[in-house]
Amino acid sequence: MDNFKKIEKKWQDYWDKHKTFEVKEDSDKKPYYILVEFPYPSGSGLHVGHVRSYTAQDAIARMMRMQGYNVLYPMGWDSFGAPAEQYAIKNHIHPKEAVKENIKTFKGQMKSLGFSFDWSREFATTDPDYYKWTQWQFLQFYKHGMAYKATIPVNWCPTCKSVLSNEDAAGGVCERCGSQVVQKEKSQWMLRMSDYAEDLLTGLEDTNFADRVKLGQINWIGKSTGVELDVDIVGGGKFSVFTTCIETVYGITFFVIAPDGKLIKELMPRVENKDEVEAYIKETATKSNMDRTELNKGKTGVEVKGVKAINPVNGKEVPIFLGDFVLGDYGTGAVMAVPSHDQRDFEYATEHNLEMIQVIDGADVSKKAFEKHEYLGKDCKLMNSAEFDGLTVEEAKEKITEKLEEMGIGRRVNNYKMRDWIFSRQRFWGEPIPMINCPKCGWVPMNEEDLPLVLPDVAEYEPTEDGESPLANIPEFVNCKCPKCGGDAKRETDTMPNWAGSSWYFLRFMDPHNTHEFASMDKMKYWNRVDWYNGGMEHTARHLLYARFWVQFLYNIGLVPNKEMIWTRVSHGMVLGADGVKMSKSKGNVINPDDIVNEFGADTLRIYEMFMGDYQLEAPWNTDSLRGCKRFLDKVIRLKDKVEDKAGYTDTLEALQNKTIKKVEYDLTHMGYNTAISSLMILSNAYDEKESITKDDYRLLLILLNPMAPHITEELNEELGFNPICESEWPEYDEEKTIENVKDIAVQVNGKVRGTIQISIEDDEQSIKERAMECENVKKHIDGKEIVKVIVIKGKIVNIVVK
RNA sequence: GCGAGUAUGGCGGAAUUGGCAGACGCGCUAGACUUAGGAUCUAGUGUCCCAGACGUGCAGGUUCAACUCCUGUUACUCGCACCA
């Protein structure tokens, strides 16, 4: 029976030859764009996790094609990235060679699984024809004032002489060599993403993202409304703090400023304990933001001696501290500390023996702070706050803000956690940033007609001594003429982050071969937007936010038809190893899809991955369960022996068949793949119980199963003499026939099931009640007791309440 | 730490609106057919002190009725800005 290999190859060739899944924009069918995140073609080949989401999207695509939609389901390669570069450094070959090999492997694997991708639209982000447009779009950002250079700290390994990602610098130690990581200032290209914070927030209303996805976006943007307050420094100078709790302003007993901020640098000449302060700044430079803001750790910090600040509302002089929990790049890099009403300040004050002033009445603040989440909305009154004493917190918030505005030292502001996008990478394997630095003209964008700026072929891919991209070592690349004045100039040697190419690839799929635009407005208008986008949970915050930002910018300059180009976004759960943990080479629990396809067939793997559990949750691999799926398909094959050469449907199967069509249709569009398959198992079990079934009965099962197991169903369908399923229509169900006329319902006494009765649709409440009371076992439980009430839920349950 | 998610038999999971908890599959037990197979078929399979009681991480609450709603709590998984 194991001729599945032949069958699968046969139908894959058939689809290729007939270009079954290639779509054109001239169809009068309704367009529908299904997208799955294009993979990074790693050296280890396709992961069974890829198979899960590609199959899920494939099933929707195949069903919707049969339902008459013009379905676009494309695939490509997100092929820039660090692993290819690491490989190149080690083996001294150009990353593009490794990428080429990997893509070949991935594509072969995808074909062997029978995914209905439109391969005529394939591209890779590393194709110069593609990244030409990524570069072109960067120039648009630049020309609209959205790209700028800024000096910001990066993780730096002094031993490897290399810039590290936070991941590679976890715990302040270099992943590769174990050296202490330090923060180093570097000039980087930035995109003004924070300008879009509000639009990215409101834009969510024009999407159909799952709630948890929307929440992820909202939290990443991290909007908070509050007041920015100016604070004078004794003896001259001032700084600002941002607070969401201006009502506690009279409770300020000190200020804390960021060790990595600008302010401390300005104050330095006046600082009395310079050594101590500098040592603390140095220490902070070795910590990541996460280590710094962790609440459980001790509140470290040092007083900045010789400098005092003045609380603007009451003229009180208070000390200034350095504290690493204050971040230089969030808010104003300084906070007001009110230990009585903020737990973090409370701990800091306790540790450093600082004064506390309670300004909101209603709790004891000697042991812990009385915080906003405890006092807001509870009618708590102010105290120790001059003329504001006795006002409620809500009134005081407003009145104090008004007063500060009048005094000209306070402003209402929205603060966002989301920062501008650091767009430079000191790496080789990324899109070169098309900017030229001219000694006379400064930064000058390349002429658009000179794009793409292609990555050169080089022998070494190591970064330079001072951590610049290897491109800096290539004089032919670096030295150029200024497009403006024609004088000698130098190219930017940083490249773009991996996120760049994936921020707009879904637009390119709409018009992948366009040589004069990244995509034509006409074609984008035809497809309108991505209707259904699937990817991993780990991408729902950042990739999606970057992509939305990119699109909103393009929309604002009139280059895409919608402000949001992605309608529904869903995320699938990871496929874990059989031991319930993430698959990894080191754990030896990796399943290679090729092995499964070889031994069990693509259809079995597809069915299994759809059946393995709730699509949105992670699920461990289980080979026994996979065998069960093979058995199910074998059973479907065996059912063919029961087929009589008869048209029409078997009467007694009609209700179940209609119900199954409805269920599969609903489940495939609601990510209930596992229950879709279970309902098909139920249908085949019902077929199996019959002496014989008709050809139409059998074909119905094959069509419903086809989106998930496309090869074997096509083969069996052909053996029956029908047209290929991929050229057929999806069956329609009759709602009336899905309703069962006669049904068993449970009868409860005091909420416990004591019997069942059979009811039919026409039965009225009274007769159901009477029949329920007559049940043997029910009688036993209500005998001699007082009936308080009888609840009848039509078609569901009867509950008799007795005393 | 912040944000999100999850918790149901031996295992994966089901239960669309609060209405018979455990669908469907795996595994397991017994049998049939067979001569040895990861094949097929039949019956069974939440737990227990088994005419009944208990049971959806834990502790409470609302309700005629709670896996589902509310309050609190624990554990695990993911993301946190240069991994993709």
Side-chain angles (χ1 to χ4, degrees), chain A residues 1 37 39-40 42 78 80-83 154-155 163-169 175 188 193 211-213 215-216 218-220 222 288-297 325 329 344 417-422 424-427 497-499 502 536-543 545-546 571 573-574 576 581-582 608 611-614 616-632 634-635 638 663 666-667 670 672 674-675 677-682 685 744-753 755-756 777 780 788-791 793 795-802:
Chain A
M1 191 59 83
E37 279 172 0
Y40 173 75
S42 74
D78 189 13
F80 276 125
V154 293
N155 297 314
V163 178
L164 301 178
S165 67
N166 277 355
E167 191 193 38
D168 291 337
E175 241 261 311
Q188 315 247 41
M193 193 159 159
D211 283 345
R212 63 173 180 174
V213 176
L215 259 175
I218 290 167
N219 288 323
W220 189 278
S288 73
N289 282 0
M290 225 192 298
D291 295 333
R292 286 170 59 179
T293 50
E294 194 161 342
L295 271 186
N296 274 346
K297 69 172 191 73
F325 66 90
D329 53 3
R344 197 162 51 180
K417 281 210 184 75
M418 189 178 75
R419 310 200 287 267
D420 281 347
W421 181 359
I422 306 167
S424 293
R425 299 291 183 272
Q426 289 70 42
R427 296 268 167 81
N498 192 256
W499 309 97
S502 58
M537 259 323 271
E538 67 277 21
H539 295 147
T540 49
R542 299 184 51 195
H543 157 60
L545 203 59
Y546 288 140
S571 303
M574 229 188 308
L576 304 174
V581 297
K582 213 167 166 168
Y608 169 61
F611 187 63
M612 70 194 314
D614 183 333
Q616 300 192 69
L617 302 180
E618 56 192 30
W621 183 266
N622 184 325
T623 303
D624 279 335
S625 206
L626 173 86
R627 285 198 186 97
C629 293
K630 174 101 169 74
R631 237 176 280 169
F632 165 59
D634 287 344
K635 185 175 195 166
R638 258 184 283 116
K663 173 99 179 132
Y666 180 91
D667 282 353
H670 291 80
N674 54 340
T675 47
I677 290 173
S678 104
S679 70
L680 289 168
M681 287 173 171
I682 292 169
N685 288 344
D744 287 332
I745 65 163
V747 180
Q748 300 181 328
V749 178
N750 284 352
K752 300 234 157 83
V753 180
T756 34
N777 200 33
K780 221 161 52 185
V788 182
K789 62 175 152 176
V790 181
I791 292 144
I793 308 294
K796 296 234 163 117
I797 208 161
V798 180
N799 192 8
I800 303 164
V801 186
V802 295

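What you see is a predicted model, and the numbers here were worked out from it, not measured in a lab. Residue numbering restarts at 1 for every chain, and letters A, B, ... go by the order of the sequence lines.
Rounding to whole angstrom units, CD1 of residue Ile677(A) and C1' of A23(B) are separated by 15 Å. Here the C1' atom of nucleotide A81(B) and the CG atom of Leu164(A) are 15 Å apart, to the nearest Å. One can place CD of Glu538(A) at 19 Å from P of A4(B), the figure rounded to the nearest angstrom. The nearest whole Å value for the distance from the CG atom in Leu626(A) to the C1' atom in C26(B) is 11 Å. Look at CG on Leu576(A): it is 16 Å from P on C11(B), rounded to the nearest Å. For the pair Met574(A) CE and U6(B) C1', the computed distance is 13 Å after rounding to whole Å. When rounded to the nearest whole Å, the span between CG of Asp667(A) and P of A14(B) equals 11 Å. The distance between atom CZ of Arg344(A) and atom C1' of G1(B), rounded to the nearest whole Å, is 9 Å.
Applying the 4.0 Å criterion to OP1 and OP2 of C83(B), one finds that Asn166(A) has every side-chain N and O outside that range. Phosphate contact (OP1/OP2 of G25(B), side-chain N/O of Asn685(A), threshold under 4.0 Å): present. Arg427(A) has no side-chain polar atom (N or O) that falls below the 4.0 Å cut-off from OP1 or OP2 of C83(B). A close approach under 4.0 Å does not occur between any side-chain nitrogen or oxygen of Lys796(A) and OP1 or OP2 of G18(B). At C80(B), one or more side-chain N or O atoms of Arg542(A) fall inside 4.0 Å of OP1 or OP2 (strictly under the cut-off).
Residue Lys635(A) is out of contact with every strand shown, counting any heavy-atom pair closer than 4.0 Å. Residue contacts for Gly81(A): at a heavy-atom cut-off of 4.0 Å it reaches the sugar-phosphate backbone alone, with no base atom in range. Across all strands, Phe611(A) comes closer than 4.0 Å to base atoms (heavy-atom distances). Residue contacts shown for Asn799(A) include a base, since a base heavy atom lies under 4.0 Å away. Residue-level contact check: Ser424(A) touches the bases, meaning some heavy atom is under 4.0 Å from a base atom. Here His543(A) lies out of heavy-atom contact (under 4.0 Å) with every strand. Among the heavy atoms of the strands, none lies under 4.0 Å from Gln616(A). The residue Asp78(A) sits close only to the backbone: its heavy atoms come under 4.0 Å of sugar-phosphate atoms, none of a base. Looking at heavy-atom distances under 4.0 Å, Glu37(A) makes no contact with the nucleic acid at all.
Nucleotide U29(B) forms a Watson-Crick or G-U wobble pair with A43(B), both donor-acceptor distances falling under 3.5 Å. In a base pair of the Watson-Crick type (N1 to N3 plus N6-O4 or O6-N4) or a G-U wobble (N1-O2 and O6-N3), with each distance short of 3.5 Å, U34(B) is matched with no nucleotide. Shown here, G1(B) forms a base pair with C80(B); the pair counts as Watson-Crick or G-U wobble because both key distances fall under 3.5 Å. In this structure, U63(B) makes no Watson-Crick or G-U wobble pair, since no nucleotide meets both defining distances under 3.5 angstrom. The partner of U68(B) is absent, by the rule that a Watson-Crick or G-U pair needs both atom distances under 3.5 Å. G52(B): Watson-Crick or G-U partner is C48(B), with both key distances under 3.5 Å. Here A15(B) sits opposite no nucleotide as a Watson-Crick or G-U wobble pair (both hydrogen-bonding atom distances under 3.5 Å). Figure legend. A75(B) is base-paired to U6(B); pairs are counted as Watson-Crick or G-U wobble with both atom distances under 3.5 Å.
Among the nucleotides C64(B), A21(B), C41(B), the one closest to the side chain of Val753(A) is A21(B). Comparing G79(B), A84(B), G52(B) against the side chain of Trp220(A) picks out G79(B) as the nearest. The side chain of Leu617(A) lies closest to U6(B), out of C64(B), A84(B), U6(B). When the nucleotides C26(B), G19(B), C54(B) are ranked by their closest atom to the side chain of Ile797(A), G19(B) comes out on top. The side chain of Thr756(A) has C20(B) as its nearest neighbour among C26(B), C20(B), G52(B). Considering only side-chain atoms of Arg419(A), the nucleotide from A81(B), A14(B), A84(B) that sits closest is A81(B). Looking at the side chain of Ile682(A), the nearest of the listed nucleotides A23(B), U16(B), A81(B) is A23(B). Between C24(B), A4(B), G19(B), one nucleotide has an atom nearer to the side chain of Met681(A) than all others, and that is C24(B). Distances from the side chain of Asp614(A) to the nucleotides A84(B), C54(B), G13(B) place G13(B) closest. For Leu215(A), taking side-chain heavy atoms from C-beta onward, the closest of the listed nucleotides A4(B), A81(B), C24(B) is A4(B).
Stacking annotation: Tyr666(A) is stacked on the base of U16(B) (ring centroids less than 5.5 angstrom apart, interplanar angle below 30 degrees).
Asn799(A) places no side-chain N or O within donor-acceptor distance of the main-chain N or O of Val790(A), the cut-off being under 3.5 Å. At least one donor-acceptor pair under 3.5 Å links the side chain of Asn219(A) to the backbone N or O of Leu215(A).
Few gaps surround CG on Asp744(A); more than 12 heavy atoms of other groups in view lie less than 6.0 Å from it.
G10(B) and A23(B) have their P atoms separated by 14 Å, given to the nearest Å. Between the P atoms of G57(B) and A53(B), the separation comes to 23 Å (whole Å). Nucleotides A43(B) and C26(B) place their P atoms 15 Å apart, quoted to the nearest Å. Nucleotides A4(B) and A59(B) place their P atoms 26 Å apart, quoted to the nearest Å. Comparing the same atom, C1', in G12(B) and in A7(B) gives a spacing of 14 Å after rounding to whole Å.
Classified by interplanar angle (parallel below 30°, tilted 30° to 60°, perpendicular above 60°), the ring pair Tyr546(A)/Trp421(A) is parallel. In this pair, His670(A) and Tyr666(A) present their aromatic rings parallel. The plane angle is below 30°, not in the 30 to 60° band.
Side-chain atoms of Asp667(A) and Thr675(A) form a donor-acceptor pair, as typed in the model, at a separation below 3.5 Å. Side chain to side chain, Gln616(A) and Arg212(A) meet the donor-acceptor criterion of an N or O pair below 3.5 Å. Under the 3.5 Å distance criterion, with hydrogens and angles disregarded, no donor-acceptor pair is assigned to the side chains of Asp614(A) and Asn674(A).
Under 4.0 Å is where a charged nitrogen must lie from a carboxylate oxygen, and between Asp634(A) and Arg638(A) no such pair does.
Checked against a 6.0 Å centroid threshold, the rings of Trp499(A) and Phe80(A) do not count as neighbours.
Taking the O4'-C1'-N9-C4 or O4'-C1'-N1-C2 dihedral as appropriate, C69(B) has a value more than 90° from 0 and is therefore anti. Glycosidic conformation at G13(B) (O4'-C1'-N9-C4 for purines, O4'-C1'-N1-C2 for pyrimidines): anti, more than 90° from 0.
For the pair Lys780(A) and Pro620(A), both in contact range of RNA chain B, the more 5′-proximal nearest nucleotide belongs to Pro620(A).
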